[in-house]
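Throughout, numbering of the chain's residues begins at 1 and tracks the sequence.
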Amino acid sequence: MQKINSTKTVKSMRTLYVSDLDGTLLRNNERTSEFTNTVINDLTERGMLFSYATARSLITAKKAAEGIAVKIPLIVYNGAFVVDNVTEDILIANYFDASVYEALDDLFRNKVYPIVYARIDGKEKFSFVPELCTVGMQKFLDSRKGDARTNAVNSAAKLKSGNLFYITCIDEPHKLKPLYEKYKGSFHCVYQTDLYTNEQWLEIMPKNASKANAARQLKSLLGCEKIIAFGDGKNDIDLFQLADESYAVENAHEDLKKHAAGILLSNEEDGVARWLAYLYQSGQMKDV
């Protein structure tokens, strides 16, 4: 496709554009399209500050969005980390405090044995007990075969190893919903159906780990004056509430659409990229 043509020059950037990945920027094949890649790369070359905020790790996020040359820090693990996209250094980190161990023991008593993310001996790992994995967990692990972070352990107690920052439970709703209700006030919890597998997930993060908090910190770091956000899921609500403008794709959850200033075309129709291209070509993207 043709690149966006214009004689406009890059001006002082004041707006931070932040998009979710899965269900928003990514198509249903878990990749960005050639159109999306071209539009975003052209606009970032001209000065647009564009980043993404995702529940994915840096490794899987960069693989899914490998066609996009994002130059500023990225928000991963739903805001647990802000990372430098070039050096991959962690710029902002949110880890659990000691209260997480009691919560894990409660999960175990309820026969929920999660995948636990932690930094162990300075390296990022996700730990699990193979014999205690649900079908949904196994599907997830199969999609991560060959991942250097894989850490199979032989007991639930060893899931507590390292500096913990993210807990993923994939199990039956009747087991996970009560745990969500119990811990949503103590931690940042996301309870939703996985977009690709239709499995029920409960994700538990430190209280301060959120897309909104990470975006706020990134906005300050870059000296921006406003945030424009894009998303599709319930885990984007806090980001939408923070943003000066927020737009949901057509396929977004109805709860998120209530917080949106407008509805874009779906992820399969490259809604975010088409809106950005329109904004630029119409002269409304004042920062580029």
Enquirer: To the nearest 0.5 Å, what is the distance between CD (Gln241) and OG (Ser210)?
Expert: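 Atom-to-atom, Gln241:CD and Ser210:OG are 10.0 Å apart.
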
Enquirer: For the residue pair Ser266 and Glu268, confirm or rule out a side-chain donor-acceptor distance under 3.5 Å.
Expert: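 Short answer, no.
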
Enquirer: For the residue pair Ile120 and Gly162, what are the closest heavy atoms and their distance?
Expert: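 Closest approach of Ile120 to Gly162, heavy atoms only: CG1-CA, 3.9 Å.
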
Enquirer: List the steps, then state whether side-chain contact (heavy atoms from CB on, under 4.5 Å) holds for Tyr191 with Gln200.
Expert: CA-CA 8 Å; Tyr191 178 75; Gln200 186 63 51; 3.3 Å; yes

Enquirer: Is any side-chain heavy atom of Met137 closer than 4.5 Å to a side-chain heavy atom of Trp201?
Expert: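 No, side chains not in contact.
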
Enquirer: Would you say Asp97 has more than 12 foreign heavy atoms packed within less than 6.0 Å of its CG?
Expert: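 More than 12 within 6.0 Å, yes.
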
Enquirer: Quick one: does Asp244's side chain get under 4.5 Å of Glu225's, heavy atoms only?
Expert: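 They are not in side-chain contact.
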
Enquirer: Of the non-hydrogen atoms in Ser51 and Pro73, which two are nearest, and what is the gap between them?
Expert: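 Smallest interatomic distance, heavy atoms only, reads OG-O, 2.6 Å.
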
Enquirer: Looking at side-chain heavy atoms only, is the closest gap between His174 and Lys177 below 4.5 Å?
Expert: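 They are not in side-chain contact.
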
Enquirer: Would you mind telling me which of Asn110, Ile170, Leu202, Leu107 makes a side chain to side chain contact (heavy atoms under 4.5 Å, CB included) with Leu176?
Expert: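 Of the listed options, the one satisfying the test is Leu202.
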
Enquirer: I'd like to know if the side chain of Asn267 pairs up with that of Asn28 as donor and acceptor (distance under 3.5 Å, no hydrogens or angles considered).
Expert: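 Judged by distance alone, the side chains do pair up.
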
Enquirer: Roughly how far, to the nearest 0.5 Å, is CG of Leu222 from CZ of Arg14?
Expert: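 Answer for the CZ-CG pair, Arg14 versus Leu222, is 12.0 Å.
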
Enquirer: Indicate yes or no: at least one non-hydrogen side-chain atom of Tyr77 is less than 4.5 angstrom from one of Arg56.
Expert: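 Sidechains of Arg56 and Tyr77: no contact.
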
Enquirer: Same hydrophobic cluster for Ile228 and Ile263, using side-chain heavy-atom links shorter than 4.5 Å among ILVMFWY?
Expert: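 No; Ile263 is not reachable from Ile228 via cluster members.
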
Enquirer: Distance only, no hydrogens: is a donor on one side chain within 3.5 Å (strictly under) of an acceptor on the other, for Tyr180 and Gln192?
Expert: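 Tyr180 vs Gln192: no donor-acceptor pair found between side chains.
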
Enquirer: With rounding to the nearest 0.5 angstrom, report the OH to CG distance, Tyr183 to Asp106.
Expert: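 Result: 3.0 Å between the selected atoms.
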
Enquirer: Same hydrophobic cluster for Val70 and Leu276, using side-chain heavy-atom links shorter than 4.5 Å among ILVMFWY?
Expert: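 In one cluster: yes.
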
Enquirer: Any donor and acceptor pair, going by atom type alone, linking the side chain of Asn251 with main-chain N or O of Gly23 inside 3.5 Å?
Expert: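 Flag set: sc Asn251 to bb Gly23 pair under 3.5 Å.
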
Enquirer: Can a side-chain donor-acceptor contact be found between Gln217 and Asn213 if the only test is distance below 3.5 angstrom?
Expert: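 Asn213 vs Gln217: no donor-acceptor pair found between side chains.
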
Enquirer: So do Phe126 and Leu141 actually touch side chain to side chain, heavy atoms under 4.5 Å?
Expert: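 Contact flag for Leu141/Phe126 side chains = yes.
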
Enquirer: Please write out which residues are connected to Val86 in a hydrophobic cluster, directly or through intermediates, given that two of Ile, Leu, Val, Met, Phe, Trp, Tyr count as joined at side-chain heavy-atom separations below 4.5 angstrom.
Expert: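 So far as hydrophobic clustering goes, Val86 is joined with none.
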
Enquirer: Return yes when atom NZ of Lys158 has more than 12 non-hydrogen atoms of other residues, nucleotides or ligands closer than 6.0 Å, and no otherwise.
Expert: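 Open: at most 12 neighbouring heavy atoms sit under 6.0 Å from NZ of Lys158.
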
Enquirer: Hey, is the main chain of Ser33 close enough, under 3.5 Å, to the side chain of Thr36 for a donor-acceptor pair?
Expert: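 Flag not set: sc Thr36 to bb Ser33 has no pair under 3.5 Å.
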
Enquirer: Side-chain contact, heavy-atom cut-off 4.5 Å: Leu242 with Arg216?
Expert: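 Answer yes - side chains close enough.
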
Enquirer: Under a 4.0 Å threshold between the charged nitrogen and the carboxylate oxygen, would Arg149 count as salt-bridged to Asp147?
Expert: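 Between Arg149 and Asp147 there is a salt bridge, with a charged N closer than 4.0 Å to a carboxylate O.
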
Enquirer: If you round to the nearest 0.5 Å, how far is CD1 of Ile40 from OG1 of Thr32?
Expert: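 Atom-to-atom, Thr32:OG1 and Ile40:CD1 are 7.5 Å apart.
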
Enquirer: Between Pro114 and Leu104, which heavy-atom pair has the shortest distance, and what is it?
Expert: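 Shortest heavy-atom contact: CG-CD2, 4.0 Å.
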
Enquirer: If you apply the rule side-chain contact (heavy atoms from CB on, under 4.5 Å), what do you find for Thr15 with Cys224, and how did you get there?
Expert: CA-CA 5 Å; Thr15 302; Cys224 294; over 6 Å; no

Enquirer: Would you give the length of the straight line joining atom CD of Gln138 to atom CZ of Phe128, rounded to the nearest 0.5 angstrom?
Expert: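 The distance works out to 7.5 Å.
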
Enquirer: So which atom in Ala229 and which in Leu239 form the shortest heavy-atom distance, rounded to 0.1 Å?
Expert: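 Taking Ala229 first and Leu239 second, the nearest heavy atoms are CB-CG, 3.8 Å.
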
Enquirer: Establish whether Tyr95 and Val76 are linked, either directly or via other cluster members, by ILVMFWY side-chain heavy-atom contacts under 4.5 Å.
Expert: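 In one cluster: yes.
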
Enquirer: Look at the side-chain heavy atoms of Ile, Leu, Val, Met, Phe, Trp and Tyr, link any pair under 4.5 Å apart, and say whether Val112 and Met205 land in one connected group.
Expert: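 Result: no, two separate clusters.
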
Enquirer: Centre-to-centre under 6.0 Å for Trp275 and Tyr247, is that the case here?
Expert: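 Under 6.0 Å, so yes.
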
Enquirer: Could you check whether Lys211 pairs with Asp236 (Lys NZ or Arg NE/NH1/NH2 to Asp/Glu carboxylate O, under 4.0 Å)?
Expert: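 Result for this pair is yes, salt bridge flagged.
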
Enquirer: Could you check whether any side-chain heavy atom of Leu25 comes within less than 4.5 Å of a side-chain heavy atom of Ile68, counting everything from C-beta outward?
Expert: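 When only atoms from C-beta onward are counted, Ile68 and Leu25 do touch, with a gap below 4.5 Å.
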
Enquirer: Can you name the closest pair of heavy atoms from Ser246 and His259 and give their distance?
Expert: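 Minimum heavy-atom contact is OG-O, 3.1 Å.
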
Enquirer: Check whether Lys207 reaches the backbone of Gly185 with its side chain - one donor and one acceptor, N or O, closer than 3.5 Å.
Expert: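 Yes.
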
Enquirer: Does a side-chain N-to-carboxylate-O contact under 4.0 Å join Arg27 and Asp270?
Expert: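 Counted as a salt bridge, because a side-chain N and a carboxylate O are separated by less than 4.0 Å.
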
Enquirer: Where do Lys71 and Glu45 land on the side-chain contact (heavy atoms from CB on, under 4.5 Å) test, with the steps shown first?
Expert: CA-CA 9 Å; Lys71 297 174 179 157; Glu45 281 297 319; 2.4 Å; yes

Enquirer: Please determine whether a side-chain nitrogen of the Lys or Arg among Lys63 and Glu30 lies less than 4.0 Å from a carboxylate oxygen of the Asp or Glu.
Expert: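 The answer is no: the pair does not qualify as a salt bridge.
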
Enquirer: Do Val83 and Ile92 share a hydrophobic cluster, counting only Ile, Leu, Val, Met, Phe, Trp and Tyr and linking them when any side-chain heavy atoms are less than 4.5 Å apart?
Expert: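 Yes, Val83 connects to Ile92 through the hydrophobic network.
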
Enquirer: Could you tell me if the side chain of Asp20 sits less than 4.5 Å from the side chain of Phe230, heavy atoms only?
Expert: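 Not in contact.
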
Enquirer: How far does NZ of Lys184 sit from CD1 of Ile204, to the nearest 0.5 angstrom?
Expert: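 Spacing of NZ (Lys184) from CD1 (Ile204) equals 13.0 Å.
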
Enquirer: Determine whether the aromatic ring centres of residues Phe96 and Phe165 are separated by less than 6.0 angstrom.
Expert: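 Distance test on ring centres: not under 6.0 Å, no.
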
Enquirer: Check the side chains of Asp194 and Thr197 for a donor-acceptor pair under 3.5 angstrom, ignoring hydrogens and angles.
Expert: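 Indeed, the side chains of Thr197 and Asp194 share at least one donor-acceptor pair under 3.5 Å.
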
Enquirer: Would you please test Val129 and Asn154 for side-chain contact (heavy atoms from CB on, under 4.5 Å) and show each step?
Expert: CA-CA 6 Å; Val129 183; Asn154 58 19; over 6 Å; no

Enquirer: Asp22 and Tyr196: side-chain donor and acceptor closer than 3.5 Å?
Expert: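 Per modelled atom types, Asp22 and Tyr196 side chains form a pair under 3.5 Å.
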
Enquirer: Which pair of non-hydrogen atoms, one from Leu256 and one from Ala248, has the smallest distance, and what is that distance?
Expert: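 That closest heavy-atom pairing would be CD2-CB, 4.3 Å.
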
Enquirer: Are Tyr17 and Phe50 an aromatic pair, judged by ring center distance below 6.0 Å?
Expert: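 When the ring centroids of Phe50 and Tyr17 are compared, they turn out to be at least 6.0 Å apart.
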
Enquirer: Does this structure show an ion pair linking Arg274 with Glu269, if we count only N-O contacts that are shorter than 4.0 Å?
Expert: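 Glu269 and Arg274: not salt-bridged.
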
Enquirer: Thinking salt bridges, do Lys257 and Glu254 make one under a 4.0 Å N-O criterion?
Expert: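 A salt bridge is present here (some side-chain N lies under 4.0 Å from a carboxylate O).
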
Enquirer: Checking side-chain polar atoms at under 3.5 Å, does Glu203 have a donor or acceptor matched by the opposite partner on Tyr166?
Expert: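 Judged by distance alone, the side chains do pair up.
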
